[in-house]
Amino acid sequence: MKKRIYYWVHEEYRDKPVISKVILETKVMINILMAKMKPQESFLILELSGEERQIQEALNLLKKYGEYEDIPKIIEKNKERCIDCGACVVHCPVNAISQDRDFTIVFNEEECIGCKNCVKICPLKAIEVREVY
Amino acid sequence: MKTIREINEKIKKGDAVVVTAEEMIEVVEEMGPKGAAKEVDVVTTGTFGAMCSSGVFLNFGHADPPIKMMRTYLNGVEAYSGLAAVDAYLGAAQPNSDDDIDINYGGAHVIEDLVAGKEIRLVAEGYTTDCYPRKRVSTTITLEDLNQAIMVNPRNCYQTYPAATNSREEKIYTYMGTLLPEYSNINYSGAGQLNPLQNDYNRERKTYNTIGIGTRIFLGGGVGYIIGEGTQHNPEKAFGTLMVKGDLKTMNTKFLRAGTMPNYGCTLYVGIGVPIPVLNEEIAKACAVRDEDIQVPVLDFGVPRRDRPVVAWTNYRDLRKGEINIEIYDSELKRQIEKTVKTASVSSYKKAREVAEELKKWILSGKFTLSEPVAPLGRGSCKPMKAEAKLVRDILSRPPIVARPNISIEEAARILTEKNINHLPIVDREGRLLGIVTSWDIARAVAQNINSICEIMTRRVISSTLDEPIDVVARKMSRYDISGVPVVDSGGKVVGMITAEDLSKLLGYRKF
């Protein structure tokens, strides 16, 4: 199974290889979708894949060094404003946007990581992404 | 053979056979052009895309005391009012006069808000005369308050449009949307097989079968008319355009929408549908045009010139699949390589379909009949502007003054003062650019007691080439806040230096 989370590393562990430790100890696969290291916080978007038990172990371990949160549904198409052109599709780094057979733009909310690339390029300002980080 | 009059009779009786241009493809496939011409009376077409060359003539009625409006602002967007006292033309691409808002709310947005029935702030100023004593007016208006709001669009409905990609190493923002670096996406625009002019194009005669001045059309959700060929109309090359008019008061925001191309400008998305009377076999055949029949060049927008290089040829069917293969030159491998590139539309095919369907519904219900054009479209013209392109090679005069990295700070200082220059490109043994040292760098070296050129030179140098227009060089200088750029040839060898002084001299002498 696959699970995507937001992860904030506790201040005292910021200079520690926390993610490597979690991988080595639980053998879970971790894909770092985004990482932001700033003086005031270190924030990551992680995608864990493995068995359910493995992922639970990884989450327990991650909790020791920081805080995690499930990624909520954060992307929304304003159906009134969207003209279904398709300009946003190629700007999504995780292929969460597609055009179905009748050319309607479809967002896969599960896949969206909230990067806002699509929001920035949409000429109609028809995409809303909730502020999370 | 049928006539428009006969078709209108059928429409009024509710007997007309109307299909969309997409449906017509199948009809012609099944029955052949002859059978299709007999069966089908009208083919409806549709397009929905960004059309910057759009705008609205507005008449505000007279204030008391009256004013001769010379500068007119609607929600901060200026409308041209060098017309009679209370007439103005609001262009879709006009940015906001407030720099903080700029292209995020421009002419197109005012037009959409007017159609949506929203209140618009009107501020106008003028000079006073005996008959127009008022200097300033400030009020709130809605579409209803205006005497006229007539949309007149000088160039809409392009028959086809080149697709865009970007060879540069940086992301660029264009009227074709955002283009990622190194050919990472291709943006295209156009309704292809649904486009009005494609379906009416006579490929042998290079004219239009039925469209002419006076053709009644679907415009932005209301009824409009074709008033002539659009600007840059080029039927010879299958690049026709239309000039259209319609009453804004009959339009709706489902088919008329404002947008902003990031870091480029604001624009109006216009829905246009043209009915094509199927009078004969030839017309039926033209209406069977398919996406794969329409060739589309892919242009490199990374080249900031009028004639952008064609990177590849494709067609609308392949573009709509979401990715195509193109051959590009890889400068590292020094050979052509094949690359799969994602394609994205910046116009809406879904909306184009809705336009064609809506127009079909209007005709079937009997409320929309076809008009006889009073004259064919003009031949048009699409030639370039008579303007000189000044290139770097035209203003580069003296041979380059360069130095090797092993000279001392004192030597560098001596070269700058003796030659009366501020920029010294540092080159390798073959004369290839390594870095640049400015007089400011020398001052810093002296102040901080630095002794080596390598320590003070800038290594990531913004450079230019001989064939670059000087306008592009000027934009680089202002964008990167620098006062000079070395000019290099294709091998990276320094052949000269262009400075801000060189450019300002040109400004002073020739008013370019």
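In the text below, chain A, chain B and the rest are named by the order of the sequence lines, each starting its count at 1.
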What part of A:Lys125 gets closer than 4.5 Å to chain B, counting heavy atoms only: side chain, backbone, both or neither? side chain

If you look at every heavy atom in A:Asp84 and B:Ser348, which pair is closest and at what distance? O-OG, 3.5 Å

Is the closest side-chain heavy-atom distance between A:Ile83 and B:Lys350 below 4.5 Å? no

Tell me whether B:Glu338 at atom CD has more than 12 heavy atoms from other residues, nucleotides or ligands lying less than 6.0 Å away. yes

Spacing of CZ belonging to B:Arg257 relative to SG belonging to A:Cys85, to within rounding of 0.5 Å: 10.5 Å

Kindly check if the number of other-residue, nucleotide or ligand heavy atoms within 6.0 Å of CD (A:Glu51) is above 12? no

Pick one of side chain, backbone, both or neither for B:Ser347, based on which atoms fall under 4.5 Å of a heavy atom in chain A. backbone

Are the side chains of B:Arg320 and A:Phe103 in touch, meaning some heavy atoms are under 4.5 Å apart? yes

Minimum heavy-atom distance between A:Leu124 and B:Ala258, given as atom pair plus value: CD1-O, 3.1 Å

If you measure from the Lys or Arg side-chain nitrogens to the Asp or Glu carboxylate oxygens, is any gap between A:Arg81 and B:Glu112 under 4.0 Å? yes

Just verifying a value: how many Å separate B:Asn185 CG and A:Ile121 CD1, rounded to the nearest 0.5 Å? 9.0 Å

Do other residues, nucleotides or ligands put more than 12 heavy atoms under 6.0 Å from the CD atom of A:Glu12? yes

Contacting moiety of A:Thr104, where chain B heavy atoms sit under 4.5 Å: both

Answer with side chain, backbone, both or neither: which region of B:Tyr173 has an atom nearer than 4.5 Å to a non-hydrogen atom of chain A? neither

Less than 4.5 Å to any heavy atom of chain A: does that hold for the side chain of B:Ser184, its backbone, both, or neither? neither

Hey, what do you get for NZ (B:Lys342) to NE2 (A:His91), rounding to the nearest 0.5 Å? 10.5 Å

